[in-house]
Amino acid sequence: AAKNAGRNRFSYFTPDMQVEAERRLRLTSDLRIALPGKQFQVCYQPIVDLATGQICKAEALIRWLHPERGTISPLDFISLAEDTGLIVPIGDWVFRQAVQQARQWRGQFHPSFQISVNMSPVQVRQDSLLCARWSDYLAREGMPGQSVAVEITEGLLLQAESKIDEKLLTFRRAGIGISIDDFGTGYSSLAYLKRFDIDYLKIDRSFVQNLSVDEDNQALCEAMVVLAHKLGLKVIAEGVETAEQRDFLKAVGCDFAQGFLYSMPVPPDEFELLAWPRLAERAADAQGSMAVS
Ligand code: C2E
Ligand code: MG
Ligand code: MG
Ligand code: MG
């Protein structure tokens, strides 16, 4: 009977699924060598202060430069990394890159610059020491907590078993910023916004799209800003693509904006030219002339 059940189960396995399973298998074995093979890159997307128009923060976003397949989006490999546990070393690597980048940019261009790093729920669940390790790393590097922020999703806050209270407290004590990513798309519960000490609420880009024509999204965005401010959080709007969206968000008091209107996520050297064009050019010139002399 077991044999029959096995055979029956197999009949649900269509050729398409076979192809997909093989693709995942290959990608997984490639993923195992991606970190030692230096195939990852961290790109940075600017976050703009809506009051001044200045770039004051960035989000670190990983890219996989696959030797045969070209650039692979995190949407296509983060879940693989989670299933294999590879998310732990990969996530640590992104965090350390972001800390070193924050150190350089704070020293060279902007003393209070902050870089945010994504932390998936699986990452926290699989690795009970993650928060302590990241906090220790910052301290060891002599970097202030505010130089980084972690982006978590709403779902994580609802997982009692993840001991998320304690873990966020570790970040809190280290002075690390905490953001709620993709706000409004998960099981939004207003209670946790009060219960946890959170710094930033990131409005998901699905609410920002069509802002100029969709009155419901206008109402939702405005309400999220009012709510966040009443609870003492700052608001970052994600996925801002047009000047109209920016103007609306500014008018309702949103604090920060991030999106293709300003820039896509870019490598560090491009980011510098975008955020601090005159300083970055001068620094490049100085380096060039030093190299010549
Ligand atoms: P996220 O944290 O919500 O990041 C924002 C995503 O929206 C990025 O996609 C970004 O490129 C994209 N985006 C930014 N502005 C716009 C816009 O104006 N319009 C549109 N259509 N899209 C915009 P990306 O880089 O492909 O990352 C996708 C997701 O992968 C991220 O979503 C995050 O959840 C995850 N991810 C990226 N890097 C990491 C990482 O280092 N660790 C972990 N755990 N997850 C990561
Ligand atoms: Mg994010
Ligand atoms: Mg997001
Ligand atoms: Mg999002």
Side-chain angles (χ1 to χ4, degrees), residues 35-36 38 40-49 52 54-63 87-120 123-124 126-152 163-181 196-200 202 232-234 236 255-256 258 265-276 278-280 282-284 286-287 290:
L35 196 55
K38 298 191 171 24
F40 290 121
Q41 177 188 34
V42 182
C43 283
Y44 296 87
Q45 188 175 36
I47 299 176
V48 171
D49 184 337
T52 64
Q54 300 295 307
I55 295 174
C56 59
K57 302 176 190 299
E59 177 173 3
L61 293 155
I62 193 171
R63 299 287 177 264
I87 190 67
V88 172
I90 294 172
D92 280 4
W93 179 80
V94 173
F95 182 76
R96 293 194 305 262
Q97 292 288 308
V99 170
Q100 296 308 332
Q101 195 59 76
R103 180 207 296 288
Q104 189 205 328
W105 285 344
R106 283 165 82 97
Q108 211 174 349
F109 301 116
H110 192 303
S112 60
F113 200 75
Q114 184 182 56
I115 297 180
S116 65
V117 176
N118 291 281
M119 198 173 86
S120 84
Q123 227 170 318
V124 192
Q126 284 182 356
D127 178 5
S128 60
L129 294 175
L130 183 145
C131 299
R133 202 171 54 248
W134 287 14
S135 302
D136 288 348
Y137 179 76
L138 268 179
R140 240 186 5 256
E141 292 293 309
M143 288 291 284
Q146 319 85 274
S147 56
V148 288
V150 290
E151 299 196 3
I152 58 177
K163 299 217 177 107
I164 191 66
D165 295 60
E166 266 172 53
K167 289 172 178 172
L168 289 187
L169 213 57
T170 307
F171 282 151
R172 196 76 279 166
R173 289 204 197 93
I176 295 171
I178 301 174
S179 309
I180 305 291
D181 203 356
F196 298 100
D197 195 359
I198 288 157
D199 302 288
Y200 305 101
K202 298 190 79 170
L233 284 73
K234 300 265 190 211
I236 303 171
D255 304 282
F256 305 99
Q258 171 182 358
V266 290
D269 51 343
E270 251 178 82
F271 190 97
E272 291 173 7
L273 286 173
L274 192 80
W276 310 287
R278 289 176 49 201
L279 288 173
R282 216 179 298 157
Q287 254 184 2
M290 273 191 314

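For the numbers below, each heavy atom of this structure counts, side chains included, while hydrogens, waters and symmetry mates do not. Note that this is a predicted model, so its numbers are computed, not measured.
Asp92 CG to Tyr137 OH: the interatomic distance, rounded to the nearest 0.5 Å, is 10.0 Å. Within the model, atoms CG of Leu168 and CG of Asp197 stand 9.5 Å from one another, a figure rounded to the nearest 0.5 Å. Atom OG in Ser179 sits 9.0 Å away from atom CG in Leu233 (nearest 0.5 Å). In this structure, the separation between CE on Met119 and CD1 on Ile178 is 8.5 Å, given to the nearest 0.5 Å. Gln97 contributes atom CD, which lies 10.0 Å from atom CD of Gln41 (distance to the nearest 0.5 angstrom). Atom OG in Ser147 sits 8.5 Å away from atom CD1 in Ile115 (nearest 0.5 Å).
Nearest heavy atoms, Arg106 versus Ser112: NH1-C, 3.6 Å. Contact record, Glu151 with Asn118: OE1-OD1, 3.2 Å, taken as the closest heavy-atom pair.
Contact of the Ile152 side chain with the Asp181 side chain is not registered, since no non-hydrogen atoms from C-beta on lie closer than 4.5 Å. His110 is not listed as a side-chain neighbour of Gln54, based on a closest heavy-atom distance of 4.5 Å or more. For the pair Phe113 and Trp276, the minimum side-chain heavy-atom distance is below 4.5 Å. In this structure the side chain of Phe196 reaches within 4.5 angstrom of the side chain of Ile164, judged on heavy atoms. Contact check for Asp255 versus Tyr200: no side-chain heavy atoms found under the 4.5 Å cut-off. Counting heavy atoms from C-beta outward, Glu272 and Trp105 have side chains that approach closer than 4.5 Å. The closest side-chain heavy-atom distance from Arg133 to Leu130 is below 4.5 Å. Put simply, the side chain of Val42 does not reach to within 4.5 Å of the side chain of Gln101, judged on heavy atoms.
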Pair Val148-Trp134, side chain to side chain contact (heavy atoms under 4.5 Å, CB included): steps then yes or no: CA-CA 10 Å; Val148 288; Trp134 287 14; over 6 Å; no
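Contact check on Arg172 versus Asp199 returns a salt bridge, with a Lys/Arg side-chain nitrogen under 4.0 Å from an Asp/Glu carboxylate oxygen.
Side chain of Arg63 to main chain of Pro265: no donor-acceptor pair is present (N/O by atom type, distance under 3.5 Å, no hydrogens or angles).
The only member of Gln45, Gln114, Gln258 that meets side chain to side chain donor-acceptor pair (under 3.5 Å) when paired with Glu59 is Gln258.
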